[in-house]
Asker: 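Here you go, one structure.
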Amino acid sequence: MRIAEVYLRQKSKKIDRPFDYRIPDRLVGQVKKGMRVVVPFGKGNKRHEAFVLALKGDSDFGESVKEILEIIDLQPVLSEAQIKLCQFIQRYYGCLFYEALVLFTAPVKSIVTAEGIKAYQESIRYYRLLKDEAVRGSVQKRIMALLRESDISREALVAAAGNTASIRNLEKKRLIESYDEALALSRNMSVPTWEPTESDLYDCLLATNKGKVPLYIRCPKGETRHAFYRRMIEETLQTKEGQLLLIVAENNYITYYRKAFTDLFGTLVSFYHGGLSQKERYRNYQEIAQGHVRVVIGTRSAFFLPFRHLDHILLDEANDPSYAVPHMPKYDIVTLASRWQEDNPHTNVVLLEEVQGIRSVKNIEEKRWQEIPSPENLSQSKIHVVDMMQEMRRGNLDFMSKALRKKLEKNLETGQRTVFLLNATGYANYVFCKECGYVEKCPDCEVSFKYDKANALMYCGYCDQTKEFTGTCPNCHQRKGYGPIGLGIDRLMEILKKRYPEHEVLTLDARDTQNSKAYRLAMEKIQSDWQILIGSSTLLRFFNYPDHIATVGVLLADIELNRGHYTASEQAYRFFNLLRTLTPDVEDVWVQTHQPEHYVLKGLEKPQSYYQEEIAFRKLLRYPPYGNLIQMMIFGKQPKVLLKDAGKLYEWLKEEGLECYRSPNVMRIRGRDQFKTTLMVKTEKLENFHKAMKTIVDKRETYGFTSKVSIDVNPLYG
DNA sequence: CTAACAGCAACC
DNA sequence: GTTGCTGTTAGG
């Protein structure tokens, strides 16, 4: 075993493959799979960081193999199972191996110096008591008291002391000393004991004859799930070293569980998300790798933490769009978790959904997932589908149907609350001239401008182009007839405030979830005393709704139904159903539409018919999960070059025998001086696409091809 | 004749 | 990505 197969930490497709290096005598026995090493690479023997993926006796490259220069890590930073998953990600999502590696090793650093890469591993300084003597200073007393209880990190100690001089002085007096957490660890490892919490779901899980496949539970959010998670955590902590990962859709759920679980389980549970600082990430990484943290509640990035004995992966709300990552590599957590379980049958993967997704239906049908009967049913709130065409024929031209208006006014009288869903931000969707028919459009994206009344601006929903609203048509120069058309949240707010001046009207849209501060403010806003709440799809990202929400009204269901993505109807179906369970109080949901015959709306009353139609539609057009759809985005600085490159790629894919479609449109990218266009490939076997791409990269004249390409394999949400 | 430079292939 | 080799060409 004198040869190591390594992958370089680099971003070029051309050398995205393993390279052989000899292990020098002095490092024999030390180099292990999953470790990082420094190797000389290329004509100039430049020092490169590389990951050891395999060890073997000899190499096909004979005398030309070079020697590993040094080791970066003392312990592997990637497990065998993680290496396997990296290879899967590279293959399945068509990304660089490096991109997959980064997912798993983001918290692990290396230092780049003038000579190349320097071997380096960050570690956390901890302090411990050496001699327990009385000290005089109050700060020093506090430090001693803290250390008497347990060892503590330098960061925490500095925070408690308020200065670093006191710590230094105590260190000088040899009363305390610091040590490297990577080498020595001390933490309270005793596991508290509980009376196990009751959870019907847990009992169902136990009763199920677990096969070696992911388990699926259809179960509403809220108490039932909470109790189930709690029981699962308790059971995990009773084992010797088992670990549990609970993945939730977003940070706010973490906040919720932190409040609920910290007191119960203390430091055995940690909370992880992408917003942590590098230091915090690193600490979590170490503590989990060393088995000190047994339970992690985190967002999708927590999936890549270095668990040692991962017994359970629980995926909360498995069809939540946030599990599909929008940037390269465009992986999705459900796919990765299922794959993980295939390679690691000892890990128990449990997927939960409130409204069943099409992918789940198929996987259960084909016995790739096993369904566990859920003890609870969905909300019983009533659904009314309102035909707005009929409403119009009857002379009601208002955006609100007579029946919904009646219900709203009844709610206002009886002190009940009403929520409206309107998935259109801003004041109006279009600016239009009735005299000459002119529509204001974004010059780069060819979509109509939206209107922001407060700032007298027109803006593009895709890029960041804006245009001043003058009130005069730039085409026919008339003021009459030129103005905003369509209903946006801001306009609806204005209208409802005018109609019901003595009632409190609130809005909730994407601006309220932009950052944690906005989020916190929005949560307070929701708790305040309001009668009418108007929200975009952002509504479902909150869960602290007050009591007495009697009615939810979807003002324009057509927006959700006609999004043009193949999952639009599935998302709409899920969305409308989730509105029924916004709170347990909801009595009725009103869905206003211009197409009452749409199978999604019919399906709200008869779920079976919805699933039948949806599956038939996917099968007919060979959309996922009944076929593979690859969406490719091509980026570039100049629209002309971009279109030329897209054309080339399109031809190449066609010549490889693939069913390929291209968009003639070029769009500007928000916040950047770049443009994009799209290609789409449909194929029965994903392998055919990967083969074609490999042939293109290897054989074609790709030198003139300067545009960047991102690949989205079976995009779930768009 | 050289210097400059793009085009290209290999990197273990 | 980085390096160095190759063929081409402008300039003297």
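By convention in this document, chain letters (A, B, ...) are assigned in the order of the sequence lines, proteins followed by strands, and residues within each chain are numbered from 1. Bear in mind that the values here come from a model prediction, so they are computed numbers and not experimental data.
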Asker: Excluding sequence neighbours, so at least two apart, what forms side chain to side chain contact (heavy atoms under 4.5 Å, CB included) with A:E366?
Answerer: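 Here the qualifying residues are A:K362, A:R368.
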Asker: Tell me the interatomic distance from A:K13, atom NZ, to B:dA9, atom P, rounded to whole angstroms.
Answerer: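 A:K13 atom NZ is separated from B:dA9 atom P by 19 Å.
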Asker: Contact class for A:F41 vs. all strands (heavy atom < 4.0 Å): base, sugar-phosphate, or nothing?
Answerer: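 Since a base atom lies under 4.0 Å of A:F41, the category is base.
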Asker: By the side-chain hydrogen bond (donor to acceptor under 3.5 Å, both in side chains) test, which pairs, at least two apart or in different chains, include something from residues 316-327 of chain A?
Answerer: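 Sorted result for residues 316-327 of chain A: A:R225-A:D316, A:R225-A:E317, A:Y229-A:D316, A:E317-A:R574, A:N319-A:R574, A:D320-A:S322.
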Asker: C:dT2 P sits how many Å from A:F19 CZ, rounded?
Answerer: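 In whole Å, C:dT2 P lies 15 Å from A:F19 CZ.
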Asker: Can you tell me how far P of C:dG1 sits from NZ of A:K708, to the nearest Å?
Answerer: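 So the two atoms are 6 Å apart, to the nearest Å.
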Asker: Within the structure shown, what part of the strands sits under 4.0 Å from A:R17 by heavy-atom distance: base, sugar-phosphate, or nothing?
Answerer: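 A:R17: base contact, heavy atoms under 4.0 Å.
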Asker: Can you measure A:K56 atom NZ to B:dC12 atom C1' for me and round it to whole angstrom units?
Answerer: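 My rounded result for the distance is 9 Å.
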Asker: What's the NZ-P distance between A:K43 and B:dC8, to the nearest Å?
Answerer: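 A:K43 atom NZ is separated from B:dC8 atom P by 16 Å.
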Asker: Quick test of your reading: applying salt bridge (Lys or Arg N to Asp or Glu O under 4.0 Å), list the pairs with at least one residue in residues 84-99 of chain A, sequence neighbours left out, ordered by first then second residue.
Answerer: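 Salt bridge (Lys or Arg N to Asp or Glu O under 4.0 Å) check on residues 84-99 of chain A returns A:K84-A:D343.
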Asker: In whole angstroms, how far is the P atom of C:dG1 from the CD1 atom of A:I15?
Answerer: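 After rounding, the reported distance stands at 9 Å.
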Asker: Within this structure, what is the NE2-to-P distance between A:H48 and B:dC11, rounded to whole angstrom?
Answerer: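 Taking NE2 of A:H48 and P of B:dC11, I get 14 Å after rounding.
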Asker: Please name all residues satisfying side chain to side chain contact (heavy atoms under 4.5 Å, CB included) with A:Q631, sequence neighbours left out, ordered by chain then number.
Answerer: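 Per chain and number, A:Q631 pairs via side chain to side chain contact (heavy atoms under 4.5 Å, CB included) with A:T678, A:D712, A:P715.
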Asker: Should the heavy atoms of other residues, nucleotides or ligands under 6.0 Å from CD of A:Q87 be counted, would the total exceed 12?
Answerer: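 Atom CD in A:Q87 is crowded, with more than 12 foreign heavy atoms closer than 6.0 Å.
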Asker: If the condition is side chain to side chain contact (heavy atoms under 4.5 Å, CB included), which residues does A:E684 pass it with, not counting sequence neighbours?
Answerer: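 A:E684: no side chain to side chain contact (heavy atoms under 4.5 Å, CB included) contacts found.
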Asker: Tell me which residues in residues 57-67 of chain A put a heavy atom below 4.0 Å from DNA chain B, sorted by number, or none.
Answerer: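 When residues 57-67 of chain A is checked for heavy atoms under 4.0 Å from DNA chain B, the hits, listed by number, are A:F61, A:S64, A:V65, A:K66.
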